[in-house]
Each structure stands twice: as structure tokens, then as C-alpha cells.
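In listed order, ligands and their atoms are each counted from 1.
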Amino acid sequence: MTSASPPVVGRFAPSPTGAMHLGNARTALLAWVHSRALGGRHLLRFEDLDTGRMRGWAFDTTRRDLEWLGLDWDAEYTQSQRLDVYAEAVTRLDTYPCTCTRREVLAAIQASAGAPHGEEPVYPGTCRSGSVNPERPAALRWWVPDETVCAHDALTRETLCLPLPAEVGDFVLRRNDGAYAYHLAVVVDDGLMGVTDVVRGADLWPATPRQIALQRALSYPTPRYLHVPLMTDFRGNRLAKRGGAPPLMALREGGEEPGRVLATLARSLGWETPEVVSAVELLPFWRAQLAVVQFPLPPQT
Ligand code: GLU
Ligand code: ZN
């Protein structure tokens with residue numbers, strides 16, 4: 001018997017904002033092959049807290065798309081049914097209400113440090129002092145610890161260290177419309193669901209240090225992270241639900257063979273597969289990719 005390595009728990013965490021396209025399917029596939037290649041459990045978690053952007057039909061379409069590709073799951077969760085766990089987590093964090101508008105935040109940044117750098121402006125802590133506008137609904141911000149937090153990626157082998165106050169800032173945990181923020185929900189859910197391995201799109205890599213900071217503050221262990229490249233179109237633009245990327249369900253309903261779609265996804269990763277494959281037949285390709293980066297693989301039975 002090998003000792004002490006806990007069973008792997010992985011997840012695919014789609015936002016049901018529309019129909020899955022090939023890029024979403026590739027991330028779903030890689031999350032699944034990772035869980036299964038390591039003999040782990042695999043969870044499906046719908047991240048639907050941003051209610052205005054959700055489409056009711058997308059839950060079922062996503063399930064059907066996954067089943068069609070042969071990607072199964074052991075348990076399913078929906079974030080909008082778990083608001084009590086996020087509410088509880090917030091009580092364990094050092095937070096304060098904030099009534100600043102986006103425009104006020106930008107003005108405050110310009111007045112202090114000059115122009116905002118990076119994509120997301122860093123909130124300058126205006127409401128830390130406790131003075132809020134009582135006439136506006138308040139968001140809840142996390143008073144981030146004065147620390148630098150580093151994330152490591154087990155697949156790309158990159159490290160990203162961010163000083164929290166300077167580069168992340170006090171970020172919103174609950175929006176002023178009452179919706180819990182994605183960063184909070186993802187951390188609480190991965191923690192409570194015992195997720196050990198997070199396989200997800202590379203667009204979330206920059207958010208990883210702040211999520212690790214939240215995990216620490218909430219005493220959850222940090223999972224292993226594997227960020228996979230986003231699929232791009234022939235122009236090199238990333239596929240987007242809004243950008244007219246062909247939805248998977250169109251292929252499914254058009255009578256396409258799922259094994260051919262899987263092969264297309266696998267070949268887009270440089271895997272030399274036959275023209276038609278099953279999801280299970282892709283496990284060795286993922287194991288080989290993990291071996292290249294010396295990811296600890298369980299002995300094969
Ligand atoms: N719900 C997020 C998305 O669809 C993924 C979150 C995650 O995997 O951590 O982009
Ligand atoms: Zn504020």
C-alpha cells in the first residue's frame with residue numbers, strides 16, 4: 001500500500017450563461033481526464049451566482065453535452081442553492097461595507113497613485129475608515145491581509161506572487177445587489193467539497209493568489225492547480241459564448257459523432273489520436289502529459 005496520498009477530487013465548474021462551445025468542452029474534457037486518470041472523484045458544479053447572466057436552459061444543455069462526450073460525474077452542485085454556506089464564510093472574514101461606485105474608485109486611484117495599472121483597478125481602501133453613503137446599497141469587501149501570496153501551477157510550472165494590498169486590493173465578497181462573488185464561492189466550495197485538484201482555464205490563473213489568500217483565511221487547504229490553455233479561433237482570439245463560437249449542442253443535434261469531436265479537441269492539444277476516440281481512450285495522453293511535468297502519478301493497476 002502506498003501511504004497517505006489522499007484520494008483525488010476534481011471538478012468542472014461551468015457558468016451556465018449559454019451553450020458550451022468547443023473551448024468549454026476542452027476544459028471540461030481535461031478536468032474529467034485529470035480526475036479519472038488519477039482514479040479520483042469528479043464533481044460538476046454550476047456557478048450561477050451572477051443571476052442576471054444565467055440562462056435557465058443552459059444547465060440541462062451542459063449536462064447533455066457532457067454526457068454526449070462521455071464525461072460523467074459523481075455528484076452535482078449548484079451554487080445558487082448554497083447561499084447559506086457563503087453567508088457563513090463571510091462572517092469568518094474581516095470585511096467592511098463599501099458604497100463606492102466604479103467611477104469613484106477610479107477617481108480615488110487617480111488622485112492618489114496616478115493611473116491604474118493592470119486590467120482591474122486596485123481598490124484603494126476608501127471605505128476602510130467606515131464612512132459609507134447610507135443612501136446606497138453597500139457591497140462587502142474583504143480587508144486583505146498585508147501579505148504576498150504565491151500560486152504554483154503543477155502543469156505550466158509557473159509561479160505567480162502578488163502582494164495583496166498593492167496588487168489585488170480589498171476585493172468584493174458580496175456585491176451591493178446581495179450576490180456573493182465568484183472568488184468567495186469557488187474557495188468555499190472547493191474547500192467544503194474536498195477538491196484536491198483544480199483543472200481550469202488559464203484565464204483564471206491571475207486570480208489564483210487571491211483565492212489562495214481566501215483559502216488560508218478560511219482554513220481550507222490549497223488544492224493543486226493545473227491551468228489549461230484556452231482554445232482560440234484561427235485568428236488567435238479566444239472562443240467566447242458571445243463571440244459566436246459554434247455551440248457543442250449544434251454538433252450534437254446535427255448528428256455529429258462525439259468521438260470525432262473528442263478527437264478534434266485532443267488533436268488541438270497536439271495529441272496524436274485516431275480520428276474517432278472515446279474519453280477513456282484519452283486518459284493515457286493526459287498521463288503522458290503529466291509525466292512530462294513530473295506530476296506525481298499514482299501507480300497504475
Ligand atoms: N465558473 C468559472 C468559469 O466558468 C470557472 C471557475 C473555476 O474553475 O474555478 O469560468
Ligand atoms: Zn468604498
Side-chain angles (χ1 to χ4, degrees), residues 9-21 23-28 30-32 34-35 42-50 53-55 58-59 62 66 77-80 95-109 112 121-134 136-143 151 153 169-176 180-191 193 195-212 214-215 220 222-228 230-231 238-242:
V9 180
R11 83 314 192 267
F12 175 56
S15 300
T17 56
M20 290 217 291
H21 55 62
N24 304 132
R26 196 172 76 175
T27 303
L30 293 175
W32 182 89
H34 184 79
S35 299
H42 189 64
L43 315 178
L44 172 62
R45 184 171 74 224
F46 286 110
E47 305 208 319
D48 62 340
L49 292 179
D50 192 355
R53 296 177 55 231
M54 299 307 141
R55 300 289 169 263
F59 293 80
T62 301
L66 296 173
Y77 301 90
T78 301
Q79 287 187 330
S80 61
T95 59
Y96 61 91
C98 166
T99 51
C100 301
T101 61
R102 199 177 166 77
R103 183 183 299 211
E104 285 166 353
V105 170
L106 289 175
I109 293 169
S112 59
V122 175
Y123 179 70
T126 318
C127 297
R128 276 189 174 190
S129 62
S131 55
V132 293
N133 183 336
R136 292 188 195 152
L140 212 54
R141 288 188 183 268
W142 184 36
W143 191 309
D153 191 289
D170 296 345
F171 57 91
V172 170
L173 299 182
R174 201 181 62 213
R175 297 191 326 207
N176 67 8
Y180 290 100
Y182 152 72
H183 297 298
L184 175 76
V186 103
V187 164
V188 171
D189 281 350
D190 285 342
M193 294 169 192
V195 169
T196 60
D197 292 55
V198 171
V199 177
R200 62 184 182 186
D203 53 328
L204 290 164
W205 170 236
T208 310
R210 72 172 67 186
Q211 294 182 1
I212 293 174
L214 269 180
Q215 278 154 16
Y220 295 126
T222 294
R224 295 186 286 203
Y225 287 99
L226 299 92
H227 287 88
V228 298
L230 297 176
M231 211 156 153
R238 82 185 236 210
L239 301 187
K241 287 173 187 164
R242 277 167 306 181

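Heavy atoms of L204 found under 4.0 angstrom from ligand 1 belong exclusively to the side chain.
Side-chain atoms of T196 come within 3.5 Å of backbone N or O of V9 as a donor-acceptor pair. Judged by distance alone, the side chain of R141 and the main-chain N or O of C98 form no donor-acceptor pair under 3.5 Å.
Polar contact with ligand 1: absent for V186 (N/O pair, distance under 3.5 Å). When only interatomic distances are considered, the shortest N/O to N/O separation between R200 and ligand 1 falls below 3.5 Å.
Comparing E47, H183, H227, R11 by heavy-atom distance to atom 9 (O) of ligand 1, the nearest is R11.
Under a 4.0 angstrom heavy-atom cut-off, Q211 registers as lying outside contact with ligand 1.
Listed by number with element, the atoms of ligand 1 under 4.0 Å from a non-hydrogen atom of Y182 are 6 (C), 7 (C), 9 (O).
The distance between the ring centers of F12 and W32 does not fall below 6.0 angstrom.
In summary, R238 and D203 engage in a salt bridge, as defined by a charged side-chain N under 4.0 Å from a carboxylate O.
Rounding to the nearest 10°, we obtain 100° for the angle at the Zn ion (ligand 2) between C127 SG and C100 SG.
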Self-check item: side chain to side chain contact (heavy atoms under 4.5 Å, CB included) between D190 and Q211, intermediate numbers included
Solution: CA-CA 10 Å; D190 285 342; Q211 294 182 1; 5.7 Å; no
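At least one N/O/S atom of Y123, whether from backbone or side chain, sits less than 2.8 Å from the Zn ion (ligand 2).
Residues A207 and R210 approach most closely at O-CG, 3.1 Å, considering heavy atoms.
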